[in-house]
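This report concerns only the one structure given below.
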Amino acid sequence: MSRTNKIIYWGSTLWLALGMVSTGGVQLMRGKEGTGGGDMITQLGYPVYILTILGIWKALGVVVLLIPKFPLVKEWAYAGMFFLMTGAAFSHIAAGSVNEIYPSLLLLALTGISWYFRPADRKIVSVTP
C-alpha cells in the first residue's frame, strides 16, 4: 500500500470515527439539539428510543473499524454505516429537510473512501480453487 493510500485511509477513517462517535454520543446521551439529536429524530418521524439503538451501533462500528484484524466484522461495520447514513439522507429527503442532509452525506462519503482505501490486512481475501 502506498503512502498516499495510507494517508487517505487513515484520514478518512479517523474523520468517519470522529463523526460517528460525536453523533452517537449525542444520541446515547439523548441530546435534544444537534445532528442526530432528539429534536431532529422526532422531526423525521422516528420514536425517541431509536436514539439508543443508533448510538450503540455507531459506537460498536467505530470500535470494530479501529481495532486490527477481524476483516469480516469490519465489512459488516462498513455496511452498517452505509445503511445508517443512506437511511439518514433519505429520511431527510422524505421529511422535506433537505438542508439537513449534508452531515449524513459527508459521513457516507467518508465510509466509502475508508472502505475503498483500507489496507489488504483489513479486507476479506477470497481464494478460489
Side-chain angles (χ1 to χ4, degrees):
M1 175 177 230
S2 75
R3 180 176 160 92
T4 304
N5 285 359
K6 282 183 184 181
I7 292 170
I8 293 170
Y9 168 73
W10 281 110
S12 62
T13 302
L14 292 174
W15 277 105
L16 173 63
L18 178 64
M20 289 293 183
V21 165
S22 64
T23 58
V26 167
Q27 292 166 338
L28 284 174
M29 292 186 296
R30 295 198 180 230
K32 295 256 183 225
E33 297 177 8
T35 303
D39 292 343
M40 182 179 288
I41 294 295
T42 54
Q43 177 189 359
L44 294 173
Y46 295 106
V48 176
Y49 67 80
I50 199 85
L51 292 171
T52 305
I53 296 168
L54 293 175
I56 290 171
W57 284 347
K58 287 177 180 182
L60 291 175
V62 167
V63 169
V64 168
L65 288 187
L66 295 179
I67 62 172
K69 312 272 182 182
F70 308 108
L72 180 61
V73 182
K74 286 184 192 313
E75 289 293 323
W76 280 93
Y78 279 119
M81 289 179 184
F82 176 83
F83 295 139
L84 280 171
M85 292 305 105
T86 54
F90 282 106
S91 293
H92 286 295
I93 291 169
S97 58
V98 180
N99 291 337
E100 303 292 329
I101 198 171
Y102 300 111
S104 57
L105 292 180
L106 173 62
L107 290 174
L108 179 61
L110 289 170
T111 300
I113 293 166
S114 175
W115 177 84
Y116 183 80
F117 284 99
R118 71 198 187 284
D121 66 336
R122 293 176 180 250
K123 292 181 182 179
I124 297 176
V125 179
S126 67
V127 178
T128 51

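- Crowding of Lys6 atom NZ: a count of heavy atoms from other residues, nucleotides or ligands under 6.0 Å not exceeding 12.
- The shortest distance between side-chain heavy atoms of Val21 and Lys58 does not fall below 4.5 Å.
- Remark: Thr42 OG1 to Leu51 CG distance equals 8.5 Å, nearest 0.5 Å.
- Looking only at side-chain heavy atoms (C-beta outward), Leu18 and Val62 stay at 4.5 Å or farther from each other.
- Separating the CG atom in Leu105 from the OG1 atom in Thr86 is a distance of 10.0 Å, to the nearest 0.5 Å.
- Using a 4.5 Å cut-off between side-chain heavy atoms of Ile, Leu, Val, Met, Phe, Trp and Tyr, with links allowed through other members, Ile124 and Val73 fall into different hydrophobic clusters.
- Tracing side-chain contacts under 4.5 Å through hydrophobic residues (I, L, V, M, F, W, Y), one never reaches Leu72 starting from Ile67; they form parts of separate clusters.
- Taking both residues in full, the closest heavy atoms of Met40 and His92 are given as SD-CE1, 3.5 Å, listed atom of the first, atom of the second, then distance.
- The only option from Tyr78, Trp15, Tyr9 that meets the side-chain hydrogen bond (donor to acceptor under 3.5 Å, both in side chains) definition with Ser114 turns out to be Tyr78.
- For Trp76, the CH2 atom sits in a loose shell: 12 or fewer heavy atoms of surrounding residues, nucleotides or ligands are nearer than 6.0 Å.
- Within the model, atoms CE of Met81 and CZ of Phe83 stand 13.0 Å from one another, a figure rounded to the nearest 0.5 Å.
- Listed for the Arg122 side chain is a donor-acceptor partner under 3.5 Å among the backbone atoms of Leu65.
- Using a 4.5 Å cut-off between side-chain heavy atoms of Ile, Leu, Val, Met, Phe, Trp and Tyr, with links allowed through other members, Val64 and Trp57 fall into different hydrophobic clusters.
- Inter-residue side-chain proximity for Met85 and Ser104 is flagged as met; some heavy-atom pair is nearer than 4.5 Å.
- Thr23 OG1 to Leu28 CG: the interatomic distance, rounded to the nearest 0.5 Å, is 9.5 Å.
- Both Leu110 and Ile8 sit in one connected hydrophobic cluster of ILVMFWY residues. Membership requires side-chain heavy atoms under 4.5 Å apart, directly or through other members.
- Ile41 has its side chain out of reach of Val48: every pair of non-hydrogen atoms, C-beta onward, lies at least 4.5 Å apart.
- A donor and an acceptor atom, one from each side chain of Tyr116 and Ser12, are nowhere located under 3.5 Å apart.
- The closest side-chain heavy-atom distance from Lys74 to Arg118 is not below 4.5 Å.
- What you find for Ala17 and Leu66 is that their closest heavy atoms are CB-CD1, 4.2 Å.
- Here the CG-CG distance, from Leu108 to Leu16, works out to 10.0 Å after rounding to the nearest 0.5 Å.
- Taken together through direct or relayed side-chain contacts under 4.5 Å among Ile, Leu, Val, Met, Phe, Trp and Tyr, Tyr46 and Leu54 form part of one hydrophobic cluster.
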